[in-house]
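Please read these numbers as outputs of a predicted model, since none were measured by experiment. Lettering of chains follows the sequences in order, A, B, ..., and the numbering in each one begins at 1.
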Amino acid sequence: MVPVRVRFAPSPTGALHIGGIRTALYNYLFARQHGGTFILRIEDTDQNRYVPGAEAYILEALQWCGLTPDEGPGSGGPYGPYRQSERKSRYREYALRLVEAGKAYYAFDTEAELEEKREKLRQAGWASSQYDHRLRMDMRNSLSMDPEDVRQRLDAGEPHVIRLKVDPGEEILIRDAIRGEVTVRTEELDDKVLLKADGMPTYHLANIVDDRLMEITHVIRGEEWLPSTAHHVLLYRGLGWEDRMPEFAHLPLILRPDGKGKLSKRDGARFGMPVFPLAWKGDTDENSFTGFREEGFDPRAVVNFLAFLGWNPGTEQEIYSLEAMTPEFSLERIHKSGARFDYDKARWYNQQYLMATPDEELATLLLPEAASRGWKPDKEWLAKVCGLMKERVTFARDILRKGYYFFEPVKDYDQATLARKWQPDSASLFEGLMEVLLNTRPFVAAGLESKAKAWWEAAGAGPGAILPLYRIALAGTMKGPAVFEMLEVLGPDLSRERLVRALEIFRQREKS
RNA sequence: GGCCCGUUCGUCUAGGGGUUAGGACGCAAGAUUUUCAUUCUUGUAACACGGGUUCGAUUCCCGUACGGGCUACCA
């Protein structure tokens, strides 16, 4: 068995969006499952679109998700370099080999000439304006021009590209692990540029050469590559590599929440949700984006959510760690159709992971943010707060936001509820229970609760008459943990302070 | 326009020639609770359409519709 080697091959043109992360994830899972190697290759063959910082972003995003490459620019490896710009010198040789075999040719048409030709064809009402077998003899290339002329231009160093010569009349069969067999007729294919005028290869040439040189066994990539896969098959064939052509698997796209097209970077702003793993600072606000990390997501939740967007293990279990899903993964179980991005589900996943995280871990995580808010909670105590709050929030940081009253005085009292609940006998009930509670020791929830119950039963009152008032006194809001739990965590001193202060304020109501 | 790919509840999906078409998110109701949330229970809601093939199609085939992708010296 040939060892499995897969690659994730993004282009460093900006932030890597969440669809890219999913592609990386599926590659990673496939590699791990087969005891293979997961490779990161940077496809920076377009110098015009190169964006500084994008590669570092890609690396950091993968790391955050736990998808660290085995080989790649950051990690090294025996098949480097892993940036195509650093492999530039290798590609021309293969393009030339194709020219010699009559499978490719030189073309001297300039961009302007091509544009002009396309425009003419459009006006003439041609359905297609692609540079193909129908057109190439009208263009300036080594097929249409005099060989001597071609040689002279080449010798003179005239700018040129090398194009793949696709002959009509053939049917290309693509075997895809997800889609089965796909056939394409060669008369539909254009003569793709393989080597650009600047000497860089296009994606098509580079990916074939590098996949071969890096001994890639499976190409798992987005569906947008399916149409050009026939060209790639032709390339493998032309180079005499068809015997060891990798297996293909074309993944369904991630669609916009409204289903109108594939998810794009602008959809984050449009739908009020992150579409990138990490925030990206672009040259303008419009080109800057928030990330799942910055929104407070747990990477485990993001990975779980993403994995299930287009794949599932066939069980009714929804929660799978990276480790748990690895043995279950298979390309065959990937869906064929695109999946809409469901932000509600992503949030649900986050809460699931949040609730499953031990309180101490959450405390460690939140300590820095608490400090930045000017709070200096004891870690063990913070863990208790986390325990009370984690099932009431979606994101870990909301524990601090929604539970601010554990760390500082109540800002607002819920006036609407107060108006309903503050009755003529409220003040005496409030005070009476205070007496009992504040003298109870130890100051723990269970004991406080039983003392309180005994007291209001004796007083002939019900919990509904008094507890809501305590809740507002302690937290200001009707939402939150059980009153006795809050009392315990706040401790006797803080509890007394709050109750006394609130009672004072609540009494003011009667006068106004 | 041409080529390629697709289509099960609103969304993510399981299933597969004969099923009460299953789960999850969301939504709704109920239970629990001092509140909120969690949890549990229940409900809501789907095989795009038309032809075949078949004793029988949601499942297989063909069309249509709809959706998506590609159609650059971008990846």
Side-chain angles (χ1 to χ4, degrees), chain A residues 9-13 43-46 48-49 107 109-111 114-115 118 122 125-131 159-163 174 176 178-179 182-185 187-190 192-198 200-204 206-207 221-230 250 252-253 255 257 259-262 305 308-319 333 335-349 351 355 388-394 402 414 417 421 449 452 462-472 475 477-484:
Chain A
S11 178
T13 54
E43 309 239 336
D44 55 349
T45 54
D46 187 345
N48 302 319
R49 295 212 307 160
D109 319 273
T110 64
E111 303 242 27
L114 288 172
E115 192 39 54
R118 275 194 277 265
R122 248 196 304 276
W126 279 50
S128 150
S129 61
Q130 59 181 20
Y131 201 122
H160 63 273
V161 302
I162 293 179
R163 282 181 181 271
I174 299 160
D176 188 285
I178 296 169
R179 281 149 218 286
V182 177
T183 57
V184 183
R185 291 195 313 282
E187 45 269 37
E188 309 292 346
L189 304 178
D190 64 338
K192 282 251 182 291
V193 170
L194 301 178
L195 203 69
K196 301 187 264 191
D198 66 2
M200 277 288 194
T202 58
Y203 171 84
H204 307 290
N207 112 87
R221 80 228 299 189
E223 191 187 10
E224 68 267 29
W225 293 109
L226 192 51
S228 57
T229 303
H250 288 95
L253 268 9
L255 273 20
K260 295 189 195 321
K262 67 173 168 180
F305 164 68
F308 275 61
L309 225 45
W311 172 82
N312 80 87
T315 65
E316 292 194 341
Q317 185 182 330
E318 306 279 334
I319 304 298
R333 290 199 69 90
H335 238 240
K336 293 182 178 72
S337 49
R340 291 194 203 186
F341 189 88
D342 181 359
Y343 191 52
D344 278 338
K345 193 85 173 242
R347 291 161 52 88
W348 176 79
Y349 267 113
Q351 194 191 20
M355 289 191 297
L388 293 185
M389 291 300 293
K390 67 180 179 182
E391 64 194 28
R392 288 166 233 271
V393 296
T394 303
K402 287 193 172 172
D414 178 346
T417 308
K421 290 289 180 181
E449 183 166 5
I466 182 67
L467 253 14
L469 296 173
Y470 266 57
R471 167 173 300 290
I472 294 173
T477 169
M478 283 304 287
K479 296 178 178 178
V483 165
F484 301 106

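Here A:S228 lies out of heavy-atom contact (under 4.0 Å) with every strand. Residue A:T45 is in sugar-phosphate contact alone, with no base atom involved, counting any heavy-atom pair closer than 4.0 Å across all strands shown. Nucleic acid contact for A:R340: sugar-phosphate only, since backbone atoms but no base atoms lie under 4.0 Å from a heavy atom of the residue. Residue contacts for A:R179: at a heavy-atom cut-off of 4.0 Å it reaches the sugar-phosphate backbone alone, with no base atom in range. When heavy atoms are screened at a 4.0 angstrom cut-off, A:F308 is found touching the sugar-phosphate backbone but no base atom. As judged by a 4.0 angstrom heavy-atom cut-off over every strand, A:V182 is placed among residues touching the sugar-phosphate backbone only. Using a 4.0 Å heavy-atom cutoff across all strands shown, A:G261 reaches sugar-phosphate atoms only and no base atom. At the heavy-atom level, A:P257 lies nowhere under 4.0 Å from the strands shown. As judged by a 4.0 angstrom heavy-atom cut-off over every strand, A:A465 is placed among residues making no nucleic acid contact. Heavy atoms of A:D109 sit under 4.0 angstrom from at least one base atom. Looking at heavy-atom distances under 4.0 Å, A:G480 makes contact with a base. Using a 4.0 Å heavy-atom criterion, one finds that A:K390 contacts no nucleic acid atom at all. Among the heavy atoms of the strands lying under 4.0 Å from A:R333 are primed sugar atoms or P, OP1, OP2 only; no base atom is included. Residue contacts shown for A:M389 are absent, as no nucleic acid heavy atom lies under 4.0 Å away.
When the P atom is compared between B:rC3 and B:rU8, the two are found 25 Å apart, to the nearest whole Å. Across B:rU19 and B:rU59, the matching P atoms stand 14 Å from one another, rounded to whole Å. Across the P atoms, B:rA48 and B:rU13 are found 15 Å apart, a figure rounded to whole Å. With both ends at atom P, the span from B:rG23 to B:rA46 equals 14 Å, rounded to whole Å. Between the C1' atoms of B:rU41 and B:rC47, the separation comes to 28 Å (whole Å). Going from the C1' atom of B:rU32 to that of B:rC66 covers 47 Å, rounded to whole Å. A gap of 29 Å separates the C1' atoms of B:rC70 and B:rG10, to the nearest Å. Straight-line distance between the C1' atoms of B:rU71 and B:rG18: roughly 45 Å, to the nearest whole Å.
Base pairing annotation: B:rG18 forms a Watson-Crick or G-U wobble pair with B:rC55, both donor-acceptor distances under 3.5 Å. Across all strands shown, B:rC5 is found opposite B:rG67 as a Watson-Crick or G-U wobble partner, with both distances under 3.5 Å. Pair assignment for B:rA28: B:rU42, on the basis of Watson-Crick or G-U wobble contacts that are both within less than 3.5 Å. In a base pair of the Watson-Crick type (N1 to N3 plus N6-O4 or O6-N4) or a G-U wobble (N1-O2 and O6-N3), with each distance short of 3.5 Å, B:rU35 is matched with no nucleotide.
Between A:K196 and B:rC74 there is a side-chain polar atom (N or O) within less than 4.0 angstrom of OP1 or OP2. OP1 or OP2 of B:rC70 has at least one side-chain nitrogen or oxygen of A:K262 nearer than 4.0 Å. At the phosphate of B:rC73, neither OP1 nor OP2 sits under 4.0 Å from any side-chain N or O atom of A:H204.
Side chain of A:N312, nearest nucleotide from B:rU13, B:rA75, B:rC36: B:rU13. In the set B:rC73, B:rU13, B:rC3, B:rC3 carries the atom at the smallest distance from any side-chain atom of A:E188. When each of B:rC12, B:rC73, B:rC36 is scored by its nearest atom to the side-chain atoms of A:K479, the top-ranked nucleotide is B:rC36. Counting only heavy atoms from C-beta on, A:D46 has its side chain closest to B:rA75 among B:rU71, B:rC4, B:rA75.
Side chains of A:R163 and A:K192 form no contact here, defined as non-hydrogen atoms less than 4.5 Å apart. With a 4.5 Å cut-off on side-chain heavy atoms, A:T202 and A:K196 count as touching.
A distance of 7.0 Å separates CG in A:N312 from NE2 in A:H335, rounded to the nearest 0.5 Å.
Checked against the 6.0 Å centroid criterion, the rings of A:F305 and A:F341 qualify as a close aromatic pair.
RNA chain B is contacted by both A:T477 and A:A107; A:T477 maps to the nucleotide lying nearer its 5′ end (nearest heavy atom per residue). Comparing A:D342 and A:Y131 against RNA chain B, the residue whose closest nucleotide sits nearer the 5' end is A:D342.
Across A:D414 and A:M478, no two heavy atoms sit closer than the pair OD2-CG, 3.5 Å. Nearest heavy-atom pair across A:S337 and A:P252 is O-CB, 3.2 Å.
Ion pair A:E43/A:R49 not flagged as a salt bridge, since none of the NZ, NE, NH1 or NH2 atoms sits closer than 4.0 Å to an Asp/Glu carboxylate oxygen.
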